[in-house]
Structures are given as structure tokens and as C-alpha cells.
Amino acid sequence: MTQAAVAEAADTLLVAGERPSPDRVRALIGTGSHEVIAGFLDVWWEGLGRRIIAPSSDPWTPPPEIQQIAAALWIRATAHARAMLATFHEEERERLLGAIARLEARLRDASAGN
């Protein structure tokens, strides 16, 4: 039983159109005493007011959900870029090794001819 679990359950109830209460939260979470949940709900109610009135001190800051999506996309994009770069480096390495081998062969042929 944590503040975060109660807050998540309370948000879920609120979105469903239900008023969060200790009994409803306990029914959703499946555990917790009435008193503990009530205390966590008091904190949640205080935070809810702040979230509604001033969701962010910076109006250009995206909501946390958007930040999480952006972070997930960034992680996937950088992983994809790293994979592409690794493939390119391996192909370039093979091409350069082939060029070196051809130059060494020409050098041996030129040395053998003298």
C-alpha cells in the first residue's frame, strides 16, 4: 500500500466518473486499511487541486504522459540509429579491408616484377 497506488486508483475512479473514497479505492486495489487509504486520499485531493489549477509552472512543458511517449520514441530512435550506424561501420570496414588487400596484392605484384 503506497501513496502512488492510492493516487493511481483515485485517478482511475475519477476518470470513470466516480468519487474516490477509501472503500472504492480499497475495492480497486484489493488491500489497505480505511484509515491509511483515507490519509493517502487526503494527500491526493490536495495534489488534485494543484494539478487542475496549475498543471505546470511552464505552459510549454508537455504533460508527463507526452514526456513519457517522447522519451520512449527517443530511445527507440537512438537504438535504431545505433543499429544502422553499426551496420554502416561494418560494411565500410569490409570495403576498406578489401581495398587494403587489393593494394597489398598490387604492391606484392609490383615488388615481384622488379
Query raised in the report: Out of curiosity, Phe88 CZ to Arg93 CZ, how far, rounded to the nearest 0.5 Å?
Result: 14.0 Å

**Report entry** All pairs passing side-chain hydrogen bond (donor to acceptor under 3.5 Å, both in side chains) where residues 19-30 contributes a residue, at least two apart
**Finding:** Asp23-Arg26

**Report entry** Separation of Thr78 OG1 from Arg82 CZ (nearest 0.5 Å)
**Finding:** 4.5 Å

Query raised in the report: Looking at Pro22 and Leu41, what are the two nearest heavy atoms and their distance?
Result: N-CD1, 3.4 Å

Query raised in the report: Is there a side-chain contact between Trp44 and Val25 (heavy atoms, below 4.5 Å)?
Result: no

Report task. Give a yes or no answer on whether the side chain of Gln3 reaches the backbone of Phe40 with a donor-acceptor pair at less than 3.5 Å. Result -> yes

Report task. Determine whether Trp45 and Ile29 fall in the same hydrophobic cluster, where Ile, Leu, Val, Met, Phe, Trp and Tyr are linked whenever their side-chain heavy atoms lie under 4.5 Å apart. Result -> yes

Query - Gap separating the CG atom of Leu103 from the CG atom of Leu107, nearest 0.5 angstrom - result: 8.5 Å

Query - With sequence neighbours excluded, residues passing side chain to side chain contact (heavy atoms under 4.5 Å, CB included) with Glu91 - result: Thr87

Query - Steps toward side-chain contact (heavy atoms from CB on, under 4.5 Å) verdict (Val36, Val6) - result: CA-CA 10 Å; Val36 171; Val6 170; over 6 Å; no

Report task. Supply the atom-to-atom distance Asp42 CG to Ile37 CD1, rounded to the nearest 0.5 angstrom. Result -> 12.0 Å

**Report entry** Separation between CZ of Arg106 and CZ of Arg108, rounded to the nearest 0.5 Å
**Finding:** 12.5 Å

Query raised in the report: What is the distance from atom NE2 of His80 to atom CG of Leu85, rounded to the nearest 0.5 Å?
Result: 11.5 Å

